[in-house]
Amino acid sequence: MGTLMHCLSYKPQLRFPTFGITLCSSSEVSVSRQQVLKQVDKELAKGDERAALSLVKDLQGKPGGLRCFGAARQVPQRLYTLDELKLNGIVTQSLLSPVDATLGSIERNLQIAAVVGGVSAWNVFGFSPQRLFYVSLAALFLWTLDAISFNGGVSSLAIDTIGHTFSQKYHNRVIQHEAGHFLIAYLLGILPKGYTLTSLDAFKKEGSLNVQAGTAFVDVEFVEEVNAGKVSASTLNRFACVALAGVVAEYLLYGYAEGGLADINQLDSLLRSLGFTQKKTDSQVRWSVLNTVLIMRRHEAARAKLAEAMAEGKSVGSCIDIIENTIGDADI
């Protein structure tokens, strides 16, 4: 459900709010973090991602600033066996094979309801077989049009909206999933630039049926490296952990993941495009899973409070402030 997105390239220039902020030194910060984060929200709202990232990076790691941005403690990178993952309470089959049972059930019930409705209409209104055939043909045409023109966007929007409306479990799972993406990205030094929790919100925000709910990030360096065909190990590590963070959040909370198949496929496509062998792919994925699980376990309280904030529709800056307030110095 989470995606890495960018719009503008990053250049190390500082742009400060008009209310008179001065940064004295790395050991003396004379501006409140809340003021800077409010300005970050304003820059993101304007689409000026370079300015937002500059503000964040200028306070990165400074006392009273953004101590947690890119400060996650990570495990050594090497080839971990499945037994080693099990020793850490990780069953990869439950984590890396998500099946969205909730939406699948809703879709099946809608299909059954359509058939029952058609039969009922035939009996109640006396529809002739020919009229019923034309109605079925029109429905098939609309379904095909949606599949071809909008990549199934209309049906996905309808099913997702029903899921959020009638299934509290599904609604909560999506929130926890996106909170996982947001938290891991921030702790690994990737700035989230926005999020949506429903397909309807994504449609209202983007005006496109092909955009699903998810979390978007400012990660120009990653895209530049991909376009150049040379992705550094550090960049790939961050991308892999962020891609898996949603399913990891679900796994830790529910014991299995339902959403996030698109995230896993996205990571798999990237590794294949980089020419990874199966052994190298397994090594990358296992390390990323273990690293992400341990980071999220360590910062469970921050993830929980972040999920609450996202459920309330808090801004990116407010969500970052909650992370910073929740994580203590000893946990960085």
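Worth knowing before you read on, the calculation uses all heavy atoms, side chains too, and leaves out hydrogens, waters and symmetry mates.
The two atoms that bring Gly180 and Ala249 nearest to each other are CA-CB, 4.0 Å, heavy atoms only. Residues His181 and Gly246 come closest through the heavy atom pair CE1-N, 3.5 Å. When every heavy atom of Pro98 is checked against every heavy atom of Gly259, the shortest pair comes out as CB-O, 3.5 Å. Considering every non-hydrogen atom in both Ser199 and Ala213, the closest pair reads N-CB, 3.9 Å. Closest approach of Pro192 to Leu44, counting heavy atoms only: O-CD1, 4.0 Å. Counting all heavy atoms, side chain and backbone alike, Leu188 lies closest to Ala72 at CD2-CB, 4.0 Å.
For the atom pair CG (Leu66) and CG (Leu55), the distance works out to 9.5 Å, reported to the nearest 0.5 Å. Taking CD of Glu300 as the start and CD1 of Ile295 as the end, the distance is 14.0 Å to the nearest 0.5 Å. Rounding to the nearest 0.5 angstrom, the gap separating the OH atom in Tyr251 from the OG1 atom in Thr292 is 13.5 Å. Annotation: the span from Thr326 atom OG1 to Leu306 atom CG amounts to 8.5 Å, rounded to 0.5 Å. With rounding to the nearest 0.5 angstrom, the CG atom of Asn291 is 4.5 Å from the CD atom of Gln74. With rounding to the nearest 0.5 Å, the separation of CH2 in Trp287 from CG in Leu85 is 12.5 Å.
Using a 4.5 Å heavy-atom threshold, the side chains of Lys279 and Leu79 count as touching. The closest side-chain heavy-atom distance from Leu236 to Leu270 is below 4.5 Å. At least one side-chain heavy atom of Gln284 sits less than 4.5 Å from a side-chain heavy atom of Gln77. Two residues are said to be in side-chain contact when any heavy atoms from C-beta on lie closer than 4.5 Å; Arg33 and Asn325 meet this criterion. When side chains are defined from C-beta on, Thr92 does not count as touching Arg286, because their heavy atoms never get closer than 4.5 Å. Under the 4.5 Å side-chain criterion, counting only non-hydrogen atoms from C-beta, Glu43 is not in contact with Glu49. Contact annotation: the side chain of Tyr80 never approaches that of Val289 to less than 4.5 Å [non-hydrogen atoms, C-beta and beyond]. Residues Glu178 and Thr196 have side chains not in contact (no heavy-atom distance under 4.5 Å, counting atoms from C-beta outward).
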Exercise. Check the pair Asp219 / Val223 against side-chain contact (heavy atoms from CB on, under 4.5 Å), numbers first and verdict last.
Key: CA-CA 7 Å; Asp219 195 4; Val223 176; 5.7 Å; no

Self-check item: Worked check of side-chain contact (heavy atoms from CB on, under 4.5 Å) between Glu224 and Thr235
Solution: CA-CA 11 Å; Glu224 289 177 345; Thr235 298; over 6 Å; no

Exercise. Give the C-alpha distance, both sets of side-chain angles, the deciding distance and a yes or no for side-chain contact (heavy atoms from CB on, under 4.5 Å) between Val99 and Glu258.
Key: CA-CA 5 Å; Val99 177; Glu258 286 193 14; over 6 Å; no

Self-check item: Intermediate values then yes/no, side-chain contact (heavy atoms from CB on, under 4.5 Å), Lys42 and Leu37
Solution: CA-CA 9 Å; Lys42 292 179 181 179; Leu37 290 176; over 6 Å; no

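For the residue pair Glu324/Tyr186, the side-chain donor-acceptor check at 3.5 Å is satisfied. A donor-acceptor pair shorter than 3.5 Å cannot be found between the side chains of Gln35 and Gln39. No hydrogens or angles considered: nothing links the side chains of Asn172 and Gln176 as a donor-acceptor pair under 3.5 Å. Side-chain contact check for Gln266 and Ser269: no donor-acceptor pair (N or O, by modelled atom type) lies under 3.5 Å.
Transitive grouping of hydrophobic side chains (ILVMFWY, heavy atoms separated by less than 4.5 Å) brings Val75 and Val285 into a common cluster. Side-chain heavy atoms closer than 4.5 Å link hydrophobic residues (I, L, V, M, F, W, Y) into clusters, and following such links, possibly through other members, connects Val242 to Leu294. Both Val247 and Val91 sit in one connected hydrophobic cluster of ILVMFWY residues. Membership requires side-chain heavy atoms under 4.5 Å apart, directly or through other members. Under a hydrophobic clustering in which Ile, Leu, Val, Met, Phe, Trp and Tyr are joined whenever their side-chain heavy atoms come within less than 4.5 Å, directly or via other members, Ile264 and Leu95 fall into the same cluster. A continuous path of Ile, Leu, Val, Met, Phe, Trp and Tyr side chains, each step under 4.5 Å between heavy atoms, connects Leu274 with Leu244, placing both in one hydrophobic cluster.
By the 30° and 60° cut-offs, the orientation of the rings of Phe222 relative to Phe239 is parallel.
For the pair His164 (side chain) and Leu197 (backbone), a donor-acceptor distance under 3.5 Å is present. Using modelled atom types, no side-chain atom of His171 and backbone atom of Thr165 make a donor-acceptor pair closer than 3.5 Å. Without hydrogens or angle criteria, Lys62 side chain to Asp58 main chain gives a donor-acceptor distance under 3.5 Å. A donor-acceptor pair is defined here as one N or O able to donate and one able to accept, closer than 3.5 Å; no such pair exists between the side chain of Asp331 and the backbone of Ile327. Judged purely by atom type and a 3.5 angstrom limit, Glu250 has no side-chain atom pairing as donor or acceptor with the backbone of Arg173. Within the 3.5 Å criterion, the main-chain N or O of Phe182 finds no donor-acceptor partner in the side chain of Thr215.
Salt bridge Glu84/Arg78: present, at least one basic N to carboxylate O contact under 4.0 Å. Of the charged side-chain nitrogens involved, none lies within less than 4.0 Å of a carboxylate oxygen, so that Lys205 and Asp201 do not count as a salt-bridged pair.
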May I have the list of side-chain donor-acceptor pairs in residues 308-316 shorter than 3.5 Å, sequence neighbours left out?
{"unit_1": "Ser315", "atom_1": "OG", "unit_2": "Asp41", "atom_2": "OD2", "d": "2.6"}
{"unit_1": "Ser315", "atom_1": "OG", "unit_2": "Ser318", "atom_2": "N", "d": "3.2"}
{"unit_1": "Ser315", "atom_1": "OG", "unit_2": "Ser318", "atom_2": "OG", "d": "3.0"}

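A 6.0 Å sphere centred on OH of Tyr254 holds more than 12 heavy atoms belonging to other residues, nucleotides or ligands.
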